[in-house]
Amino acid sequence: MRVITTIKEMQELILQQKSQGKTVGFVPTMGFLHEGHLTLLNRARQENDIVVLSIFVNPLQFGPKEDYAEYPRDFERDRALAESEMVDFLFYPSVEEMYPTDLSVRVTVQERTDVLCGSSRPGHFDGVATVITKFFNIIMPTRAYFGKKDAQQVAVIEGLISDFNIPVNLVAVDIVRENDGLAKSSRNVNLLPNERKEAPVLYQSLQVAAGAIDEGERDPNKLIHLIREEIGKESSGVIDYVQIYSYPQLKPLEKLEGTIIIALAVKFTKVRLIDNFITKID
Ligand code: AMP
């Protein structure tokens with residue numbers, strides 16, 4: 001595995017590989033790797049000749065009051081994990097390398113961001129879309145792997161790829177969970193011990209809603225109420241949102257039909273957690 005820190009070297013190496021007809025699988029991350037990330041890497045390894053992992057905590061996607069400084073980082077641990085997943089190139093640029101000057105052009109996302117994390121984190125998806133556009137131009141991947149844990153991100157990147165005609169295939173990978181159901185996240189280490197015990201309620205509340213859907217419930221408001229009640233019973237966290245939309249369009253629904261997402265975000269003392277459930281209603 002080679003660790004690459006400059007854009008120029010990364011582009012040269014990729015062009016070399018592509019000139020030999022190699023396919024490139026790309027997994028963008030902010031590091032502090034866990035099994036969720038490793039699942040994406042594993043899938044990329046199976047489906048491509050070359051695997052590129054990027055580790056970059058992108059300041060552009062954090063709001064001024066968000067956890068950019070506290071975001072966990074451990075490069076040496078990540079490097080060893082990447083090596084064991086047989087990554088070929090670990091792209092690890094500095095902020096100065098990615099943003100040497102103020103950008104004269106930024107990607108602004110117009111659709112799918114007025115709800116969920118887009119409304120609680122203004123500018124977040126513009127930052128994500130901008131950095132991913134840069135990465136796509138640097139890595140030129142055949143396939144790019146994203147987790148459904150960040151389902152709104154998947155919806156936004158799908159729009160970016162389609163609207164800008166970017167020649168990359170997006171692969172969306174299922175959420176990887178702890179044994180107690182908590183979605184794996186780099187941020188979980190910033191939960192206080194009692195909060196870590198309560199946090200599986202996020203998933204449990206989604207399961208309660210899934211059960212109600214199975215029993216025929218089709219009213220989004222009733223489901224939202226059920227989820228809020230469930231979280232309130234078990235957790236000291238403050239609900240940021242519980243919302244239900246069509247997926248991936250993220251439009252409101254009066255009655256559940258088609259593919260839908262139930263998504264939620266809960267704020268704990270030092271960390272805000274998200275989770276979701278996507279299902280198709282016949
Ligand atoms: P992050 O480092 O948090 O930006 O995540 C990098 C990629 O890993 C994103 O595409 C995430 O959606 C994905 N990811 C993070 N956690 C999980 C998880 N628990 N299951 C599946 N994918 C995940």
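Treat the numbers as computed from the prediction; the structure is a model and nothing was measured. Counting convention: from 1, in listed order, for ligands and their atoms alike.
- Between D240 and R272 there is a salt bridge, since at least one side-chain N of the basic residue sits less than 4.0 Å from a carboxylate O of the acidic one.
- Within 6.0 Å of NZ in K22 there are more than 12 heavy atoms belonging to other residues, nucleotides or ligands.
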List, for ligand 1, each N/O atom that has a protein N/O partner under 3.5 Å away, with both atom names and the distance.
{"unit_1": "ligand 1", "atom_1": "2 (O)", "unit_2": "M30", "atom_2": "N", "d": "2.9"}
{"unit_1": "ligand 1", "atom_1": "2 (O)", "unit_2": "H37", "atom_2": "NE2", "d": "2.9"}
{"unit_1": "ligand 1", "atom_1": "5 (O)", "unit_2": "H37", "atom_2": "NE2", "d": "3.4"}
{"unit_1": "ligand 1", "atom_1": "10 (O)", "unit_2": "G147", "atom_2": "N", "d": "2.9"}
{"unit_1": "ligand 1", "atom_1": "12 (O)", "unit_2": "G147", "atom_2": "N", "d": "3.2"}
{"unit_1": "ligand 1", "atom_1": "12 (O)", "unit_2": "G147", "atom_2": "O", "d": "3.1"}
{"unit_1": "ligand 1", "atom_1": "12 (O)", "unit_2": "D150", "atom_2": "OD2", "d": "2.6"}
{"unit_1": "ligand 1", "atom_1": "16 (N)", "unit_2": "K184", "atom_2": "O", "d": "3.4"}
{"unit_1": "ligand 1", "atom_1": "19 (N)", "unit_2": "V176", "atom_2": "O", "d": "2.9"}
{"unit_1": "ligand 1", "atom_1": "19 (N)", "unit_2": "K184", "atom_2": "N", "d": "3.4"}
{"unit_1": "ligand 1", "atom_1": "19 (N)", "unit_2": "K184", "atom_2": "O", "d": "2.8"}
{"unit_1": "ligand 1", "atom_1": "20 (N)", "unit_2": "V176", "atom_2": "N", "d": "2.8"}

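- In this structure, a donor-acceptor pair under 3.5 Å is absent between the side chains of D114 and S119.
- One finds a salt bridge joining D67 and R187 here, because a Lys/Arg side-chain nitrogen approaches an Asp/Glu carboxylate oxygen to under 4.0 Å.
- Looking at residues two or more places apart in sequence or on another chain, you find a side chain to side chain donor-acceptor pair (under 3.5 Å) between D174 and K148.
- E254 CD: 12 or fewer foreign heavy atoms inside a 6.0 Å radius.
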